[in-house]
Amino acid sequence: MQLVINGQEKDLQSSGTVTQMLKELDITGSHIAVALNFQVVPRSSYDQTPLNEGDKIEIVHAVGGG
Amino acid sequence: METAVETDNKLKIAGKVFNSRLIVGTGKYASFAENRQALEISGAEMVTVAVRRIELDKTKESILNFIDPEKYTLLPNTAGCYSVKETVMTAQLAREAGLGNFIKVEVIGDEKTLFPDNEATLEASKLLVKDGFHVMPYCSDDVVLCKKLEDIGCSAVMPLAAPIGSGLGIRNPYNLKLILEAVSVPVIVDAGVGTASDASRAMELGVAGLLMNTAIAGAKDPLKMAQAMKLAVQSGRLAYEAGRIPKKLYATASSPIDGLIDL
């Protein structure tokens with residue numbers, strides 16, 4: 001499935017949910033957040049949130065800043 | 001006999017008490033380890049972080065492995081946002097990432113000066129207050145704006161003293177005094193401090209706290225500067241509480257006039 005993740009085109013094997021996408025990308029940290037097509041996805045919904053071809057996804061975390 | 005005195009009261013933001021009036025940033029350090037040590041030395045209990053995309057193809061080491069969110073209150077910022085929409089979404093992502101309920105609203109209006117877009121700051125702050133955030137906006141040192149930010153429910157106001165990262169110090173102490181008179185939420189000077197005397201000067205005006213990043217991270221020796229800033233904030237606050245003597249043009253003798261020897 002073709003997705004645009006953090007501005008990069010990605011072809012993922014998994015064709016399921018946010019949880020499966022994170023697993024395939026090997027993103028395991030607890031302090032991350034995901035937006036799907038410009039909507040924040042609550043952590044509690046990762047398992048039930050399906051992804052579709054061409055979805056735009058942002059995956060963010062905390063970095064140093066002032 | 002007392003051999004030391006302490007400050008009369010502590011910084012309180014949105015009901016949370018902080019033992020330090022210094023809030024420090026986590027940007028621009030040479031390493032996470034240096035960052036952690038500077039934070040420790042500064043005595044700060046609230047630290048800012050930014051929210052950015054995870055780099056998909058790199059190792060995903062998190063700054064939160066070095067800055068314990070149990071120990072420090074995180075103040076995620078919306079730095080780099082130029083619109084209300086981006087700001088609100090960044091804040092919501094920060095909360096969803098487990099960074100807490102505090103948010104430093106920072107809506108930039110001009111790339112060169114990094115001055116805030118005050119209109120957008122007010123609008124984004126309003127939306128985020130309604131959404132349950134403790135909003136601490138970076139804003140211009142404008143008393144009317146700060147009053148409006150207080151009225152819409154911000155937990156603090158954070159006027160700049162000089163442009164971000166400029167180190168120009170407290171450019172307009174009179175504006176800060178007007179803001180201090182007008183609002184009752186904590187006034188925290190955010191941006192512009194260059195060295196310890198700037199920090200003391202701001203605190204002597206009576207501001208509730210100071211937020212700084214570059215002044216410490218960009219110093220030749222960030223660890224020494226972290227210590228210097230800690231002391232400067234403490235001494236500035238104590239001097240404010242002590243109440244300085246009035247300034248006057250002519251001398252007043254410190255030694256008694258009576259009892260001089262008569263030659």
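Reminder, nothing fancy here: chain letters follow the sequence lines and each chain counts from 1.
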Which of B/Gln92, B/Arg95, B/Glu106, B/Met89 touches chain A most, by non-hydrogen pairs under 4.5 Å
B/Met89
If you count the non-hydrogen atoms of other residues, nucleotides and ligands that lie under 6.0 Å from CD in A/Gln39, is the total more than 12?
no
Assert top hit (heavy-atom pairs under 4.5 Å, partner chain A, pool B/Gly27, B/Gly80, B/Ala97) equals B/Ala97
The test is side-chain contact (heavy atoms from CB on, under 4.5 Å); show your working for A/Val60 and B/Leu93 and say whether it passes.
CA-CA 7 Å; A/Val60 300; B/Leu93 284 168; 3.9 Å; yes
So CD of A/Glu58 and OG1 of B/Thr90: to nearest 0.5 Å the spacing works out to 9.5 Å
Shortest non-hydrogen contact from B/Ile63 toward A/Ala62
CG2-O, 3.5 Å
Within the supplied structure, the quantity of interest is the number of heavy atoms (other residues, nucleotides, ligands) at a distance under 6.0 Å from A/Glu53 CD; does it exceed 12?
yes
Option in B/Val49, B/Leu75, B/Leu74, B/Ile67 with maximal non-hydrogen atom pairs under 4.5 Å from chain A:
B/Val49
Would one find more than 12 heavy atoms of other residues, nucleotides or ligands at under 6.0 Å from atom CD of A/Gln48?
yes
Name the option with the most non-hydrogen atom pairs under 4.5 Å to chain A; the candidates are B/Asn213, B/Thr48, B/Asn35.
B/Thr48
Okay, side chain of B/Arg53, backbone of A/Asn6: is any donor-acceptor separation there less than 3.5 Å?
yes
Need one label for B/Lys104: side chain, backbone, both or neither, based on atoms under 4.5 Å from any heavy atom in chain A.
side chain
Donor-acceptor under 3.5 Å (B/Glu96 side chain, A/Arg43 main chain)
yes
So, B/Asn77 side chain and A/Gly65 main chain: donor-acceptor pair closer than 3.5 Å or not?
no
Stepwise side-chain contact (heavy atoms from CB on, under 4.5 Å) check, B/Leu56 with A/Ile27
CA-CA 8 Å; B/Leu56 296 176; A/Ile27 295 170; 4.1 Å; yes
So CG of A/Leu22 and CD1 of B/Ile54: to nearest 0.5 Å the spacing works out to 8.0 Å
